[in-house]
**Q** 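Can you read through this structure? Questions will come right after.
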Amino acid sequence: MPIMRLPSSLASPNSLLPSIASLLKACKTQFHLQQVHAQIIHKGLEQDFFLITQFICLANTLSSLSYSTSVFDRVEGPSSHLWNSLIKGCCDRSNCVDTVSLFVRMKREEGVADRYTYPSILKACASEGKVWEGRAIHASAVRCGADGNVFVGTSLIDLYGKCRQIVCARKVFDEMAERNVVSWTAMVVGYASVGDMVEAYNLFDQMPHRNLVSWNVIITGFVKLGDLTNARRVFDQMPEKNVVSFTTMIDGYAKSGDMASARFLFEQAPAKDIVMWSALISGYAQNGLPNQAVKTFLEMSTMNVKPDEFVMVSLMSACSQVGCLELAEWVDSYLNHSSIDIHQPHVLAALIDMNAKCGNMERATSLFEKMPKRDLISYCSMIQGLSIHGRGNQAVVLFNKMLNEGLAPDEVAFTVILTACSSSGLVEEGEHFFESMRHKYGLIPCPDHYACMVDLLSRSGRLEEAYELLQSMPVEPHAGAWGALLGACKLHCNVELGELVANRLFLLEPQNAANYVLLSNIYAAFHRWLDVSVVRNRMNERGIKRYLVSVQFSLKG
DNA sequence: GTAGGGTTAG
């Protein structure tokens, strides 16, 4: 085994203590740490508070919590400082319950909590929204007089702000004897996170000093409200911007669907990191621009930026939309050779969705079956995959299996199964699901659900029923539903209904050439050439070019 | 004699 060599300047033959402390400072890996640990035991220094505290702090970043704890547990009557180091490690690597339990143990074992103890525990509570636990910790801080400290006060503002207890946060803020830029910023974050940008901005305006974070949280607040105008105004006023400022703005534009502005700002950013690339790629994917998403991903690769799980999830979403099996296979194998853990729920869900929609049902199925707990989202991915590839009957079987597992379908799940029924022409099943959606699950069908039913009924020749359903809808049907019926009128050569439906569509979407073409084709089937030319003339009058139809189709394919 | 804590983006 290689042993660490100490630089001669650090070696101190007369005293054992500094040499081990120096060794600790030089530790870079868990293995180094274990070697020093062996030295500590060997030299009988396991009770040296100073050394063990330093050791725990390092173990917090280099090793596991259980390792830190095992070293800590051998110390008799640990100092406050030592307790605080372990609590910090617990906060960083475990959950709120564990951190609070450790604090309870500290009190039980007569450890003395001080102003350094509270920020970590409060942070653990804040990150999980545990306001009741937080209040108890707050009370404890008051009892030992630690609540007057700036760091403790700021942590309390953060806690109450994150838990949406804005009045409590403000009370702490107002009662603080000393505040700094972080305390002010935490208070601004509190207002911003409850959507009160008036008060957030008001406070921001009064701040004696602002730093980059203060500016960025104001932008974040406006972006969260979808107020891109004010977000941009603040962004433009910033004395200096960093990568977070740009990323927040880009993400805001992407979420509001303005990918042109997102891209423009991205180009202007002096530096780009993985989060910024991710904001752009996910924006393209979520705005239905999968080709742009893939293109941007490739661009990122040529810049030698290593993709992370967020980028890969966006890429998989884009891939699902284009249904490209070749790309899906590449992404799948990339993930399997990377350090990304594909068993994280959102990664696995995207992977199943991508494989199902790109036609690799075998891979999707094997991932799906191995899931510890199958959820609604993954079921829907699988059902949609079967549906896209014409396996409607299997989609119905899987949907029923999902119901048997006790999962309650939502509106999206019904859209998926009704689409499956409609594309495979499963009329009875579709009617059954539409019925149970309303009466068993108490869901209100939206225009999409009606569109599926209209499509299903009309394609099986039940044109009148489809028309009646459209007429009886409590919500306004969208053009797609009428369009499906018009298509079926063409298929089943029903000229009267076709005329009726087409005229509704001409009002709903006067610029869509497909409707004119369908009606003229219906007339043509009956050799009504005069009517054909009337429709064609109407198209010309409105300046609609027929070739637009073929352009639209080629873009979709 | 020596050490420790709080705010922003996917």
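Side chains are part of it too, since the values below use all heavy atoms of this structure and drop only hydrogens, waters and symmetry mates. Since the structure is predicted, the reported quantities are computational estimates derived from the model, not experimental observations. Proteins get letters first, then strands, A, B, ... in listed order; numbering begins at 1 in each.
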**Q** Going by centres under 5.5 angstrom and planes under 30 degrees, do the aromatic ring of A:Phe151 and the base ring of B:dG6 stack?
**A**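 No; centroid distance or tilt outside limits.
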
**Q** Residues of residues 256-267 of chain A with any non-hydrogen atom less than 4.0 angstrom from an atom of DNA chain B: list those, numerically ordered, please.
**A** none

**Q** Taking atom types as modelled and ignoring hydrogens, do the side chains of A:Thr117 and A:Asp114 form a donor-acceptor contact shorter than 3.5 angstrom?
**A**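 Distance-only check passes for A:Thr117 and A:Asp114.
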
**Q** Closest approach to the side chain of A:Pro119, judged atom by atom: which nucleotide of B:dG5, B:dG4, B:dA9 is it?
**A** B:dG5

**Q** Decide if the gap between the ring center of A:His37 and the ring center of A:Phe55 is smaller than 6.0 angstrom.
**A**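 Between A:His37 and A:Phe55, the centre distance is under 6.0 Å.
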
**Q** Side-chain donor-acceptor pair under 3.5 Å between A:Asn180 and A:Ser183, yes or no?
**A** yes

**Q** Under the side chain to side chain donor-acceptor pair (under 3.5 Å) definition, can you give me all pairs with a residue in residues 265-287 of chain A, not counting sequence neighbours?
**A** A:Arg263-A:Glu267

**Q** Checking A:Asn336 against A:Ser333: is there a side-chain donor and acceptor pair closer than 3.5 Å?
**A** no

**Q** Between the side chains of A:Asp98 and A:Ser101, does any donor sit under 3.5 Å from an acceptor?
**A**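 No donor-acceptor contact under 3.5 Å links the two side chains.
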
**Q** Of the nucleotides B:dG4, B:dG6, B:dG10, which has the atom closest to the A:Phe310 side chain?
**A** B:dG10

**Q** Between residues 227-247 of chain A and DNA chain B, which residues have a heavy-atom gap below 4.0 Å?
**A** A:Val244, A:Thr247

**Q** Given atom CD1 of A:Ile274 and atom C1' of B:dA9, what is their separation to the nearest angstrom?
**A** 13 Å

**Q** Can you tell me which residue pairs pass the side chain to side chain donor-acceptor pair (under 3.5 Å) test with a partner in residues 300-313 of chain A, sequence neighbours excluded?
**A** A:Glu309-A:His346

**Q** Tell me the interatomic distance from A:Phe49, atom CZ, to B:dG4, atom C1', rounded to whole angstroms.
**A** 15 Å

**Q** How long is the line joining CZ of A:Phe50 and C1' of B:dT2, in whole Å?
**A**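 Atom CZ in A:Phe50 sits about 4 Å away from atom C1' in B:dT2.
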
**Q** Short of 4.0 Å, heavy atom to strand atom, which residues of residues 157-179 of chain A count as contacting DNA chain B?
**A** A:Asp158, A:Lys162

**Q** Remember a base hit wins even if backbone is also touched, and classify A:Asp273 as base, sugar-phosphate or nothing at under 4.0 Å, heavy atoms.
**A**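 Touches a base.
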
**Q** Grab the CG-P distance between A:Asn84 and B:dG5 for me, whole Å please.
**A**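 These atoms are roughly 10 Å apart.
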
**Q** With a 3.5 Å cut-off and heavy atoms only, can you find an N or O donor on one side and an acceptor on the other between the side chain of A:Ser155 and the base of B:dG6?
**A**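 Such a pair does not exist between side chain and base.
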
**Q** Which residues pass the side chain to side chain contact (heavy atoms under 4.5 Å, CB included) test with A:Asn60, not counting sequence neighbours?
**A** A:Ile56, A:Ser68, A:Arg93

**Q** Between A:Met316 (CE) and B:dG10 (P), how many Å, whole number?
**A** 19 Å

**Q** Whole angstroms only, please: what is the NZ-P distance between A:Lys123 and B:dG5?
**A** 10 Å

**Q** Any ring-ring contact (aromatic ring centres under 6.0 Å, His included) involving residues 87-108 of chain A? Give me the pairs, sequence neighbours left out, ordered by first then second residue.
**A** A:Phe103-A:Tyr118

**Q** Name all stems that contain residues of DNA chain B, defined as runs of 3 or more consecutive Watson-Crick or G-U wobble pairs, both distances under 3.5 Å.
**A** none

**Q** Does any residue of residues 336-355 of chain A have a heavy atom under 4.0 Å from DNA chain B, and if so, which ones, in number order?
**A**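 Under 4.0 Å from DNA chain B: no residue of residues 336-355 of chain A.
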
**Q** Would you say the ring centers of A:Phe235 and A:Phe246 fall short of 6.0 Å from each other?
**A** yes

**Q** With ring-ring contact (aromatic ring centres under 6.0 Å, His included) as the rule and sequence neighbours excluded, what pairs involving residues 121-152 of chain A come up?
**A** A:His138-A:Tyr160

**Q** Can you pull out the residues from residues 202-226 of chain A that lie within a 4.0 Å heavy-atom distance of DNA chain B?
**A** A:Val213, A:Asn216, A:Val217, A:Thr220

**Q** Between C1' on B:dG10 and CD on A:Gln286, what's the gap in Å once rounded to a whole number?
**A**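 In whole Å, B:dG10 C1' lies 10 Å from A:Gln286 CD.
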
**Q** Could you state the atom-to-atom distance from NE2 of A:His138 to P of B:dG6 in whole Å?
**A** 18 Å

**Q** Taking only the side-chain heavy atoms of A:Tyr116 (C-beta and beyond), determine which of B:dG6, B:dA9, B:dG4 contains the nearest atom.
**A**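 The closest nucleotide is B:dG4.
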
**Q** Check the orientation of A:Trp215 and A:Phe204. Use parallel for under 30°, tilted for 30 to 60°, and perpendicular for over 60°.
**A** perpendicular

**Q** Among all residues two or more places apart in sequence or in another chain, which pass the salt bridge (Lys or Arg N to Asp or Glu O under 4.0 Å) test with A:Glu46?
**A**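 For A:Glu46, the residues satisfying salt bridge (Lys or Arg N to Asp or Glu O under 4.0 Å) (neighbours in sequence not counted) are A:Arg74.
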
**Q** From the set B:dG4, B:dG10, B:dT7, return the single nucleotide nearest to any side-chain atom of A:His81.
**A**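 Among B:dG4, B:dG10, B:dT7, the one nearest the side chain of A:His81 is B:dG4.
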
**Q** Report yes if some heavy atom in the side chain of A:Ile219 is under 4.5 Å from a heavy atom in the side chain of A:Met238; otherwise report no.
**A**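 Sidechains of A:Met238 and A:Ile219: in contact.
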
